[in-house]
Amino acid sequence: MKLPLSYYSNQDVLFMAQDLLGKVLFTNIDGEITAGIIVETEAYHGVSDKASHAYGGRRTDRTETLYNQGGISYVYLCYGIHHLFNVVTSVEDDPHAVLVRAVEPLIGKEIMEMRRNMPASKAAISAGPGSAAKALGIDRSFNKKDLNGSDIWIEDHGIHYSSDTIVAGPRIGVAYAQEDALLPWRFFVNGNKYVSKPNKI
DNA sequence: TGTTTGATTGACT
DNA sequence: GTCAATCAAACAA
């Protein structure tokens, strides 16, 4: 059920952002296993996307992760406070990534409740990229990790949303990307309460 | 070496 | 609705 590394080599990051909806993201931290259904993503389209850290082919210590072959994680600290988790996709030297913005708690809910200090019935426990990463215990030590390993991985549980249920809209918090900020590259499960606002059309 | 800023959240008015 | 928190990356000098 664990997705093979070949899954992540698809070069169409917009397809990948949609296909990851319904997949189940697992972490194993000191034997504490938690998992959530991915319900909100954003696509970051490599060198041509002004919102991407790799825009214009920028290569730095941080962005080097993005240039790897798909199938690893890209985790960075945002606003000095929040860890944001991405799935690196496509092939080597093609720095596409999918940001996981929200998950629906599935396994290890009690552990997530401890990490977030709120009941899993509250949508805020894992809505939004910083919250989802914290609920799953993801921090910078997860950067550049193999998504087929024993610390973090993604499974296909056969959860399928109809094409009517998956909707697209502009990405959040990327106003600095000017015209690219308007691209409808945010995908989410319409009406799912664990999706950050707006969560329905 | 110094300055700016961010793929956000939560607390507060 | 507004706004502070908090720090590493990116870039200017």
Side-chain angles (χ1 to χ4, degrees), chain A residues 8 13-14 16-18 20-21 25 36 38-68 70 72-90 94-105 112-145 147 152 167-189 192-199:
Chain A
Y8 302 99
V13 70
L14 296 178
M16 291 300 290
Q18 294 168 79
L20 281 166
L21 295 173
L25 175 60
I38 298 171
V39 293
E40 179 182 359
T41 61
E42 282 178 4
Y44 285 83
H45 194 276
V47 300
S48 66
D49 179 359
K50 287 189 178 180
S52 168
H53 292 159
Y55 173 64
R58 184 167 55 192
R59 271 187 114 115
T60 64
D61 286 346
R62 179 171 74 162
T63 64
E64 195 58 35
T65 304
L66 293 166
Y67 289 86
N68 278 271
I72 62 171
S73 60
Y74 172 53
V75 181
Y76 72 98
L77 185 66
C78 186
Y79 291 103
I81 305 172
H82 305 291
H83 298 286
L84 272 59
F85 168 78
N86 296 251
V87 175
V88 176
T89 68
S90 193
D94 191 26
H96 291 324
V98 176
L99 170 69
V100 173
R101 290 191 53 90
V103 300
E104 178 177 331
M112 295 192 206
E113 289 174 336
M114 295 275 287
R115 289 174 183 152
R116 295 282 295 133
N117 194 31
M118 68 175 76
S121 57
K122 286 191 81 170
I125 193 171
S126 58
S131 301
K134 191 170 182 189
L136 291 167
I138 294 171
D139 62 23
R140 269 158 45 80
S141 71
F142 279 80
N143 188 43
K144 238 171 183 171
K145 280 220 183 196
L147 291 177
I152 184 165
V167 292
R171 293 176 292 180
I172 308 290
V174 294
Y176 62 89
Q178 303 169 32
E179 71 273 17
D180 286 350
L182 301 174
L183 295 166
W185 287 356
R186 171 178 181 248
F187 303 96
F188 58 98
V189 177
N192 186 292
K193 77 170 185 172
Y194 294 100
V195 173
S196 63
K197 303 270 176 171
N199 73 340

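Reminder, nothing fancy here: chain letters follow the sequence lines and each chain counts from 1.
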To the nearest angstrom, the CD1-P distance between A:I172 and B:dT8 comes to 8 Å
B:dA7 phosphate, OP1 or OP2, under 4.0 Å from A:R186 side-chain N/O: no
Closest heavy-atom pair, A:V13 versus A:Y44, reported as atoms and distance to 0.1 Å, is CG2-O, 4.1 Å
Separation of B:dG6 atom C1' from A:Y44 atom OH, nearest Å, is 11 Å
Separation of B:dT8 atom C1' from A:K197 atom NZ, nearest Å, is 17 Å
note: A:H83, atom NE2; C:dA5, atom P; distance rounded to Å ~ 19 Å
For A:S131, which contact category applies under a 4.0 Å heavy-atom criterion: base, sugar-phosphate, or nothing? sugar-phosphate
Whole-Å distance, A:E40 CD to B:dA7 P, equals 16 Å
Return yes when atom NZ of A:K145 has more than 12 non-hydrogen atoms of other residues, nucleotides or ligands closer than 6.0 Å, and no otherwise.
yes
So, A:E64 and A:K144, do they make that salt bridge, N to O below 4.0 Å?
no
Min side-chain heavy-atom separation A:D49-A:W185 under 4.5 Å:
yes
Rounded to the nearest 0.5 angstrom, the CZ-CG distance for A:F142 and A:L147 is 11.0 Å
Taken to the nearest whole Å, CD/A:Q178 to P/B:dT5 is 14 Å
note: A:Y55, atom OH; B:dA7, atom P; distance rounded to Å ~ 15 Å
Heavy-atom nearest pair, A:Y67 first then A:P95, reads CE2-CG, 3.8 Å
Taking for A:F85 and for A:A124 the nucleotide of DNA chain B with the nearest heavy atom, the one nearer the 5' end belongs to A:F85
Students often mix this up, so state it plainly: with edges at 30° and 60°, are the rings of A:H53 and A:Y76 parallel, tilted or perpendicular?
perpendicular
In whole angstroms, the gap separating P of C:dA4 from NE2 of A:H82 amounts to 15 Å
Its dot-bracket string being built from Watson-Crick and G-U pairs below 3.5 Å, with | for another strand and [ ] for crossing, DNA chain B has the pattern ||||||.|||||.
Enumerate all atom pairs, one protein N or O and one N or O from nucleotides 7-13 of chain C, separated by less than 3.5 Å.
from   : atom 1 : to    : atom 2 : distance (Å)
C:dA9  : O3'    : A:R62 : NE     : 3.1
C:dA10 : OP1    : A:T60 : OG1    : 3.0
C:dA10 : OP1    : A:R62 : NE     : 3.2
C:dA10 : OP2    : A:T60 : OG1    : 2.7
C:dA10 : O3'    : A:R58 : NH1    : 3.4
C:dC11 : OP1    : A:R58 : NH1    : 3.1

